[in-house]
Amino acid sequence: MDLTDLYGFEFEFDKGLNIIAGPNSRGKTTINTCIYYILGMEELLGGHNEKALDKALKEEFTIKLNEEDEEGTNYKVKSSKILLEIENESKEIVCLERFIKPSSESVKTSNVVVNYASLDSLNDKDKVILKEIFFVNSRGNNEDTNGFYNWLSSFIKIELPQVSNSSRSDNYSPLYLQAIFSSLFIEQTKGWSDFFATMPFFGVTKAKEKIVEFLLGLNEIRLSTQKDVLSKEKNMIVEDWRRKIKAFSYLEKQTNSTIINIPEELTTDKSEIDKITVVFSTSEGERISFNQFLLDKEEKAKELENKPISTVKENREQIVLEFNEQKQKYSELKDYVEKFERKLHIDKQQLVSLNSQLIIVESEIKDHINLRKVFRENIINERGTNHCPTCAQEVTTNLISTRNIQIPQLTLEENTNFLKSQKKIIESSINSLNGTLKEKEVLLIYFKNSLRQKEILIKSISKDLISDDRAFSESEIVKKLQLEREIDNLNMFKESISELKSELEALATKYHNNDTKISNMGMSEQADEDILADFESEYKNLLFSFGYESNAKYQIWINRKEPFKYFPVYKNHRNDNVPQSIRINSSASDFVRNIWAYSLSLLSRGVNHPGIVMFDEPGQHRTNLNSLKELLKVCSGFTEKQTVIFTSIDKPLNDDEKIDLNVLIEDLGEGTYNLIRLDNHHKVIKHLDN
């Protein structure tokens, strides 16, 4: 046996069940991760681009020519790539090509080449093959015409719906293909810990629910987006209402009035808005209506108009009293204005602080984006280990990954999304504070004008006090002019109140219409309930066929509402208001059976399902041999779809059983499965032709 006998392994996948079986360290994981990688799904493995792959694919590997060759021979990888042929339901065949270790600097590992030909045709030098290059792991993958996920979703005939996304400036994004594939590909390290456990965080609101809605073709995914639009519109109406209500308080301060009967909460009852009334306090405990207050002012102005101007001598005693009264009012107003200015200064300092925070967060976001580019472009990756080129310390994509620190770690992507959320909060606070500052600036101008008016009046009264007794009273003239101006201001105030009430009525109408639209949608259509009932029935049947024992069949449901919406829960009875997660109410091996049953039920019932499920080492957590046999039998029944199962053949299942491939497949009908058996010699890699 020479090197050429060991170097290379070819295999094909079929429709239906495909079993890749072999001893440990013979390449099952390599095949599995290569499929993730070529489809641009390496994020589900916890890394970007080639960093998610084993060193044998990008650095070196060992080949032993025979059993006596204990150490084997190491071979350095100069260049490596993956080729995968895929076919859609329209019988269109393409061959995907993606480099792991490029042969030249011009080739990017973040690109996928789509060859519009079969794998066999690529070696036909006489055939002209159309090819296109698409990018992965960059913003716009699912929307940009050059994005690979956008191409792939089109090729496999699924249209990605728009869903709510808190990480996007426009609050919406497609339901990302990577998120959908977390329900199809279950990897052995993290995949068996929860439903869709490897799904990356993309900011999609209730992403797991959206995946189920999409795969099963529920109307709710369309309705939920519409509800979300209407909900955001409702929140804007409520916020606008609050601003209008707040405007009443500013009008109160400008006129020293009291506005009563203001609704505490938004109301669609316009009669409640009509009750909003302005009153003025004339003395302690006594109030009069706006109309009466205005009428009194107008009568007083008319009286002053018809009354001859008095001399200083005639008003001496009254002038002294009024001088003292106006000085006291002036002093009180001046103190209030000074306090108001100090508070305004604090608000302005807060605005400066928020703007500084915004600059810092924007800088951190930029740094994170640049750092992601560094790792994505493999700038500091040498010999399989990331080291800083300056200080030679190890650098990791999750920044705080060290052996001695046990801290929940966020990826760069998650950190970036968190910072973007922080930026939104700060920007919202800045916008709100800017609005408040503008309103307070207007109020300050009003207060200062009031001070000036009082100063003018006090000066005129002071002149009267030192004037000749025979002189006409200047303060009377000033009071007459100020009274006329006050009446004009009251009329403007009346118009402002009327306009605000009209705006509130318009908002009430908008809110009512919005509420009606949401109510008309209903919580869920009957068609959705029929789909969920069928899905639940199939899931439960599969679950118990796999040997589930932790709970009785009648205690398990697919929940229809939060929490755990669309996922299995444990209930004592159907109307139990406190459902519990099936994960905490199942043994470890039974929860693995849950994931089998749930994933295959989605495959069976999913009208938008891509048609493939891939399980890596499904015999997790002491699952027994009979359960695995039933799993393979069920998978073999999906003849028009595809299941791919990677399994070891030298791994103990539990204390009493070991995986026996012959036993596993003994009940499978001939032609119902495709067995790819890896031996103890061959490496599942192939030499690239020069």
Side-chain angles (χ1 to χ4, degrees), residues 17 19 182-188 190-197 208 212 215-216 531-560 563-574 576 578-606 609 613-638 643 645-647 651-660 663-668:
L17 172 61
I19 306 169
S182 70
S183 68
L184 318 179
F185 289 2
I186 314 298
E187 59 87 36
Q188 65 169 312
K190 185 180 177 182
W192 301 107
S193 62
D194 199 1
F195 298 104
F196 313 167
K208 290 187 178 182
V212 178
L215 293 178
L216 294 179
I531 292 170
L532 288 170
D534 289 341
F535 174 70
E536 179 182 77
S537 177
E538 177 150 0
Y539 154 74
K540 290 170 73 171
N541 288 336
L542 285 177
L543 179 62
F544 284 88
S545 75
F546 294 146
Y548 181 84
E549 296 179 339
S550 294
N551 298 289
K553 198 170 186 178
Y554 73 90
Q555 294 176 311
I556 297 175
W557 313 91
I558 295 295
N559 215 30
R560 304 301 201 268
F564 318 118
K565 189 175 181 181
Y566 305 133
F567 287 91
V569 293
Y570 165 84
K571 295 183 181 182
N572 282 321
H573 49 79
R574 179 183 290 272
D576 192 344
V578 189
Q580 299 175 34
S581 168
I582 197 70
R583 185 171 63 168
I584 64 172
N585 282 279
S586 300
S587 66
S589 60
D590 270 348
F591 184 66
V592 169
R593 293 181 179 94
N594 264 286
I595 295 178
W596 297 352
Y598 195 82
S599 303
L600 294 175
S601 297
L602 287 175
L603 176 67
S604 173
R605 298 290 176 176
H609 200 287
V613 164
M614 196 161 72
F615 291 153
D616 188 12
E617 298 290 2
Q620 296 280 330
H621 304 294
R622 305 173 67 83
T623 308
N624 62 46
L625 202 58
N626 285 333
S627 294
L628 276 177
K629 285 180 68 175
E630 184 63 24
L631 172 65
L632 296 183
K633 185 177 178 181
V634 169
C635 289
S636 69
F638 292 102
T643 53
I645 293 181
F646 296 86
T647 182
K651 179 180 177 181
L653 281 172
N654 48 58
D655 294 338
D656 303 318
E657 293 180 310
K658 184 177 179 181
I659 294 178
D660 186 328
V663 175
L664 283 178
I665 64 175
E666 64 184 5
D667 294 335
L668 300 180

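These numbers come from the heavy atoms of this one structure, side chains and all, not from hydrogens, waters or symmetry mates.
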Does any non-hydrogen side-chain atom of Leu215 lie less than 4.5 Å from one of Arg605? no
Okay, side chain of Ser550, backbone of Ser587: is any donor-acceptor separation there less than 3.5 Å? yes
May I ask you to decide if Leu625's main-chain N or O and Glu657's side chain share a donor-acceptor pair within less than 3.5 Å? yes
Carboxylate-amine/guanidinium contact Arg560 Glu536, below 4.0 Å: yes
Can you tell if the side chain of Ile558 reaches within under 4.5 Å of the side chain of Pro568, non-hydrogen atoms only? yes
Consider only side-chain N and O atoms of Tyr570 and Ser586, and report whether a donor and an acceptor are under 3.5 Å apart. no
If you round to the nearest 0.5 Å, how far is NZ of Lys633 from CG of Leu631? 12.5 Å
From CD1 (Ile659) to CD (Glu617), nearest 0.5 Å: 6.0 Å
Answer yes or no: is there a side-chain heavy-atom contact under 4.5 Å between Trp596 and Leu628? yes
Short question: side chain of Lys540, backbone of Ile556 - any donor-acceptor pair under 3.5 Å? yes
Are Leu543 and Arg593 side-chain neighbours, meaning at least one heavy-atom pair lies under 4.5 Å? yes
Taking the inter-plane angle between the rings of Phe535 and Tyr539 on a 0 to 90° scale, is it parallel (under 30°), tilted (30 to 60°) or perpendicular (over 60°)? parallel
Leu632 side chain reached by Thr647 side chain, heavy atoms, under 4.5 Å: no
pair Phe196-Val212: side-chain heavy atoms closer than 4.5 Å: yes
The residue among Phe195, Trp192, Tyr548 that forms ring pair (Phe, Tyr, Trp, His ring centres under 6.0 Å) with Phe591 is Phe195
Kindly say whether the aromatic ring centers of Tyr598 and Phe567 come within a distance under 6.0 Å. yes
Would you say that more than 12 heavy atoms from the other residues, nucleotides or ligands in this model lie under 6.0 Å from the NZ of Lys571, or not? yes
For Ser601, does its backbone N or O pair with a side-chain atom of Ser604 as donor and acceptor, under 3.5 Å? no
Does the Ser627 side chain pair with the main chain of Phe546, one donor and one acceptor, at a distance under 3.5 Å? yes
CG of Asp590 to CD1 of Ile582, rounded to nearest 0.5 Å, is 8.5 Å
Close side-chain approach of Pro618 to Thr623, heavy-atom, < 4.5 Å: no
State whether the side chain of Asn559 and the backbone N or O of Pro563 hold a donor-acceptor pair below 3.5 Å, judged by distance alone. yes
